[in-house]
Amino acid sequence: MGYKNLFTGKKESSHLNIKKVGVIGVGTMGQGIAEMLASKGLDVLIIERSEERLTYGRQMIEINLDKQIEKWALTQAEKKLIMSRIEPTHGYDRLRECELVIETVTEDLEAKKTIFEQIDRICGSGVILASNTSTLSLTELASVTKHPDRVIGTHFIYPVSKIDLVEIVRGLKTSEEIFARTKHFVEEVIHKKGIMVFESPGFVTTRLICLLINEALHVLEEGVASAEDIDNAMRVGYSFQHGPFEMCDRFGLDSVLAALERMFREYGELKYRPSIVLKKMVRAGHLGVKSGVGFFKYDKDGDRIE
């Protein structure tokens, strides 16, 4: 099945027309992805493991939209339209209505495999099953499905609404058609730059940025400079939006630690071994913006407290 593009005369797959997307997991990344998709005019089904987490996720999306209204970046009417496109739902049954499903739960391989096994049974063979994982193997996630060719990685970067890049990650069995459809969706529907990445722990962005953060931690440990001055050196000297320590705070220190530990296990190279400072801070519950304190302090809106 397909149709001819009136401008090019080429036959295109009707599958390219993605109108409804399922988002599994409404934590920080899930909230950002759901809000971004709805703001692009797509209908979004959001799913969480409990009513409480589902309600909280939707409330956080609304709070973020209110912040944009305060900054004159959004109107009340636009907020109402975006929220009307986001529908909370229980269980996975309604995902069969979607053309694309994006899984955004925590970086736990077994939990993700369980989800992919379930949604593979529910969703038709033409539905793209994507994961927002930053470090895990797409091939391994796909191994529990009957259609491993339709499993792909769509690694969005925080904050989703502001970063116009998506790493499109191919597993060993990801088909050319699924890659093409995903790239079309990323670039033509949600208007972000898609880069193709072959499966490798950390892909491109996580691998490089976590190494930068880890090296900054070693510089701090050695007493070469303060966290503030290291951040200023990279922010002012090299035009980084945030220095490595504020980046770490915004990603979540626990997330950075988990990524480094996984890459250390997979690659076996010392450069990926997490700094002891990072481990101590995570143990102390200093997780960055999400806890209000990391290398710096933050208010409830996520703004730096000087």
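For the residue pair His90 and Glu48, no side-chain donor N or O sits within less than 3.5 Å of a side-chain acceptor on the partner. Between the side chains of Tyr298 and Asp303, not a single donor N or O lies within less than 3.5 Å of an accepting N or O. Looking only at atom types and distance, the side chain of Thr205 has a donor-acceptor partner in the side chain of Glu167 under 3.5 Å away. Side-chain polar atoms of Glu35 and Gln68 form a donor-acceptor pair below 3.5 angstrom.
Between Ile168 and Ile195 there is no side-chain heavy-atom pair separated by less than 4.5 Å. Looking only at side-chain heavy atoms (C-beta outward), Lys192 and Ile163 stay at 4.5 Å or farther from each other. At a threshold of 4.5 Å between non-hydrogen side-chain atoms, the residues Tyr158 and Thr28 count as touching. Between Ile190 and Leu42, some side-chain heavy-atom pair lies under the 4.5 Å cut-off. Contact annotation: the side chain of Asp43 never approaches that of Val21 to less than 4.5 Å [non-hydrogen atoms, C-beta and beyond]. Within the 4.5 Å cutoff, side-chain heavy atoms of Cys210 are placed close to those of Met263. Inter-residue side-chain proximity for Phe245 and Ile213 is flagged as unmet; no heavy-atom pair is nearer than 4.5 Å.
Arg85 places a side-chain N or O within donor-acceptor distance of the main-chain N or O of Ala38, the cut-off being under 3.5 Å. A donor-acceptor pair under 3.5 Å links the side-chain atoms of Glu99 to the main chain of Lys19, judged by distance alone. Counting only distance, with no hydrogens or angles, the side chain of Glu87 and the backbone of Thr89 share no donor-acceptor pair below 3.5 Å. A distance-only check finds a donor-acceptor pair linking the side chain of Thr139 to the backbone of Leu172 [under 3.5 Å].
Hydrophobic clustering of Ile, Leu, Val, Met, Phe, Trp and Tyr side chains at less than 4.5 Å, counting indirect connections, unites Leu138 with Val144. Cluster membership for Ile86 and Val101, using ILVMFWY side-chain heavy atoms within less than 4.5 angstrom, is not shared. The same ILVMFWY cluster, assembled from side-chain heavy atoms under 4.5 Å apart, contains both Phe251 and Leu257. Val151 and Phe185 sit in two unconnected hydrophobic clusters of ILVMFWY residues. Membership requires side-chain heavy atoms under 4.5 Å apart, directly or through other members. Hydrophobic cluster membership differs between Met60 and Met83, with clusters built from Ile, Leu, Val, Met, Phe, Trp and Tyr side chains linked at under 4.5 angstrom.
The heavy-atom pair separating Leu45 from Cys98 by the smallest distance is CD1-SG, 3.8 Å. Contact detail for Ile230 and Pro244: the closest heavy-atom pair is CG2-CG, 4.1 Å. The two residues Arg58 and Pro88 have their closest heavy-atom pair at CD-CG, 3.4 Å. Taking all atoms of both residues into account, the shortest heavy-atom contact from Ile61 to Ala34 is CD1-CB, 4.1 Å. The two residues Pro201 and Glu266 come nearest to each other via the heavy atoms CG-CB, 3.6 Å. What you find for Arg150 and Val127 is that their closest heavy atoms are NH1-O, 2.8 Å.
Considering CD1 of Ile102 and CG of Leu37, their distance stands at 5.5 Å, rounded to 0.5 Å. From Phe264, atom CZ reaches atom OH of Tyr272 across 11.5 Å, with rounding to the nearest 0.5 Å. Taken to the nearest 0.5 Å, the OG1 atom of Thr135 stands 7.0 Å off from the CZ atom of Phe203. To the nearest 0.5 Å, atoms CE (Met234) and OG (Ser239) are separated by 10.0 Å. One distance of note links CG of Leu129 with CD1 of Ile122; it measures 10.5 Å at 0.5 Å rounding. Atom OG of Ser131 is separated from atom CD1 of Ile115 by 8.5 Å, given to the nearest 0.5 angstrom.
Ionic pairing of Arg170 and Glu176 is present here: one or more N-O contacts between side-chain nitrogen and carboxylate oxygen are shorter than 4.0 angstrom. Glu97 and Arg94 are joined by a salt bridge, as a carboxylate oxygen and a charged side-chain nitrogen come within less than 4.0 angstrom of each other. Salt bridge present: Glu246 and Arg304 bring a charged side-chain N and a carboxylate O closer than 4.0 Å. A salt bridge between Glu187 and Lys183 is present, with a side-chain N of the basic residue lying under 4.0 Å from a carboxylate O of the acidic one. Between Glu107 and Lys112 there is a salt bridge, with a side-chain nitrogen of the basic residue lying less than 4.0 Å from a carboxylate oxygen of the acidic one. A salt bridge between Lys193 and Asp164 is absent, with no side-chain N of the basic residue lying under 4.0 Å from a carboxylate O of the acidic one.
The environment of CD in Glu52 is sparse: at most 12 heavy-atom neighbours from other residues, nucleotides or ligands sit within 6.0 Å. Around NZ of Lys271, the count of heavy atoms belonging to other residues, nucleotides or ligands within 6.0 Å exceeds 12. Annotation: Arg49, atom CZ; neighbour count of heavy atoms from other residues, nucleotides and ligands within 6.0 Å does not exceed 12. A 6.0 Å sphere centred on CZ of Phe179 holds more than 12 heavy atoms belonging to other residues, nucleotides or ligands. Dense packing is recorded around NZ of Lys79, with more than 12 heavy atoms of other residues, nucleotides or ligands lying under 6.0 Å away.
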Could you give the side-chain donor-acceptor pairs of residues 273-287 under 3.5 Å, partners two or more places apart or in another chain?
from, atom 1, to, atom 2, distance (Å)
Ser275, OG, Glu221, OE2, 2.4
Ser275, OG, Val277, N, 3.1

task = Would you please test Val256 and Cys248 for side-chain contact (heavy atoms from CB on, under 4.5 Å) and show each step?
result = CA-CA 7 Å; Val256 174; Cys248 190; 3.9 Å; yes
request  = Start with the C-alpha distance between Arg207 and Tyr267, add both sets of side-chain angles, then the distance that settles side chain to side chain donor-acceptor pair (under 3.5 Å), and finish with yes or no.
outcome  = CA-CA 11 Å; Arg207 184 172 173 178; Tyr267 291 115; 3.2 Å; yes
task = Could you go through the side-chain contact (heavy atoms from CB on, under 4.5 Å) check for Thr133 and His155 one step at a time?
result = CA-CA 6 Å; Thr133 182; His155 180 220; over 6 Å; no
task = Might you work through the salt bridge (charged side-chain N to carboxylate O under 4.0 Å, His left out) test for Glu70 and Lys67, ending with a clear yes or no?
result = CA-CA 5 Å; Glu70 287 172 15; Lys67 287 179 192 174; over 6 Å; no
request  = Let me see the working for Tyr92 and Ile24 under side-chain contact (heavy atoms from CB on, under 4.5 Å), right down to the final yes or no.
outcome  = CA-CA 9 Å; Tyr92 299 143; Ile24 303 173; 4.0 Å; yes
message = Between Cys123 and Arg96, is the side-chain contact (heavy atoms from CB on, under 4.5 Å) condition met? List the steps.
response = CA-CA 5 Å; Cys123 299; Arg96 58 172 53 94; 5.7 Å; no
ask   = Given the rule in the salt bridge (charged side-chain N to carboxylate O under 4.0 Å, His left out) test, do Lys290 and Asp249 qualify, once you have shown the distances and angles that lead to the verdict?
value = CA-CA 8 Å; Lys290 67 176 86 174; Asp249 281 349; over 6 Å; no
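Checked against side-chain contact (heavy atoms from CB on, under 4.5 Å), Thr114 has the following partners two or more places apart in sequence or in another chain: Gln118.
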